[in-house]
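Below you'll find the structure, written out as structure tokens, and then a few comments.
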Amino acid sequence: MDSVTDQKPVENENVSSSTSFLYDIISPVNLLLTVIFALFVYKIVRSKFGKGSAGAVEPELAKIRKDMTIAELRQYDGTQPDGRILVAVNGWIFDATSGRRFYGPGGPYAAFGGRDASRGLATFSVTSSDKEYDDLSDLNSMQMESVKEWEAQFREKYDLVGRLLKPGEEPTNYSDEELEEPDTSTTNTDDKKEQ
């Protein structure tokens, strides 16, 4: 009989510990945290794929293929009716309209919309140059390397529109089929040597 009484407390211990374990898993705090996490995930998914983005779908704009002066570029800051945003980096103009949440009005980099962002990107400053044309000749080698890295990122992500024209420079006449993309590794270096 001693063996039978010894076994009952052990069984009660197992039942009691499994009940405690279940209570730990389904405790009110854990249940509340699970609900909050589920709502958080739902809001993220909804904003990316659901009702929030469906209303924000904009018609695709026709591609622009032309060289521009600083004055012409300023017209494309995202405030015009079509909402197009162009950003110049290292002498090249890119259509950053798809990056509206970054470069458009109210975005963290809105100062770059319709502007030459090269100096700001090189110096890690969210300001654009107000100069008529910024030749970047006073940037050091590390800053120029940073500008080239930004240019490469813009080339991967956004459509190339054309060149940012220096004062007095004539625009290239691009065909509808293809935008010429000359080797950019010598473009700004050659410009600096000529000065």
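Just the heavy atoms: all of them, side chains too, but no hydrogens, waters or symmetry mates, feed the values below.
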Exercise for the section: Just do the side-chain contact (heavy atoms from CB on, under 4.5 Å) check on L121 and F112 with the steps written out, would you? Expected result: CA-CA 9 Å; L121 295 170; F112 296 153; 3.8 Å; yes
Completion exercise
Closest heavy-atom pair, G162 versus Y174, reported as atoms and distance to 0.1 Å, is CA-OH, 4.2 Å
Exercise for the section: Decide yes or no for L165 and P171: does some side-chain heavy atom of the first lie under 4.5 Å from some side-chain heavy atom of the second? Expected result: yes
Exercise for the section: Specify the closest pair of heavy atoms between R100 and P105, including all atoms of both residues, with the distance to one decimal. Expected result: NH1-CD, 4.5 Å
Problem - Exercise: identify the closest heavy-atom pair between F124 and S146 - result: CZ-OG, 4.1 Å
Practice task
For the pair Q143 (side chain) and N140 (backbone), establish whether a donor and an acceptor sit closer than 3.5 Å, ignoring hydrogens and angles.
Solution key: yes
Problem - Nearest non-hydrogen partners of S118 and V147, listed with the distance - result: O-CG2, 3.6 Å
Practice task
Starting from the C-alpha separation in whole Å, work towards a yes-or-no answer on side-chain contact (heavy atoms from CB on, under 4.5 Å) for T97 and Y76.
Solution key: CA-CA 9 Å; T97 306; Y76 297 98; over 6 Å; no
Practice task
Nearest 0.5 Å please: distance from the CZ atom of F94 over to the CD atom of E151.
Solution key: 5.5 Å
Practice task
Rounded to the nearest 0.5 Å, what's the gap from NZ on K148 to CE on M144? Could you check?
Solution key: 5.5 Å
Exercise for the section: Taking atom OH of Y158 as the centre, report whether more than 12 heavy atoms of other residues, nucleotides or ligands fall under 6.0 Å from it. Expected result: yes
Problem - D67 CG to K166 NZ distance, which is reported to the nearest 0.5 Å - result: 12.5 Å
Problem - From CA spacing to verdict: ring-ring contact (aromatic ring centres under 6.0 Å, His included), Y103, F154 - result: CA-CA 12 Å; Y103 302 104; F154 270 73; 5.7 Å; yes
Fill in the blank from the handout: In this structure, CD1 of I85 is separated from CD of Q80 (nearest 0.5 Å) by 8.0 Å
Fill in the blank from the handout: In terms of heavy-atom contacts, T123 and R119 come closest through OG1-O, 2.8 Å
Handout entry: Side-chain touch M68/Q75, heavy atoms, less than 4.5 angstrom
Key = no
Handout entry: Option among D159, D95, D77 that satisfies the salt bridge (Lys or Arg N to Asp or Glu O under 4.0 Å) test with R84
Key = D95
Exercise for the section: Quick one: closest heavy-atom pair of L86 and L73, and the distance? Expected result: CB-CD1, 3.6 Å
Exercise for the section: To the nearest 0.5 Å, tell me how far D134 CG sits from L164 CG. Expected result: 9.5 Å
Problem - Interatomic spacing from OG1 in T69 to CZ in R163 - rounded to 0.5 Å - result: 12.5 Å
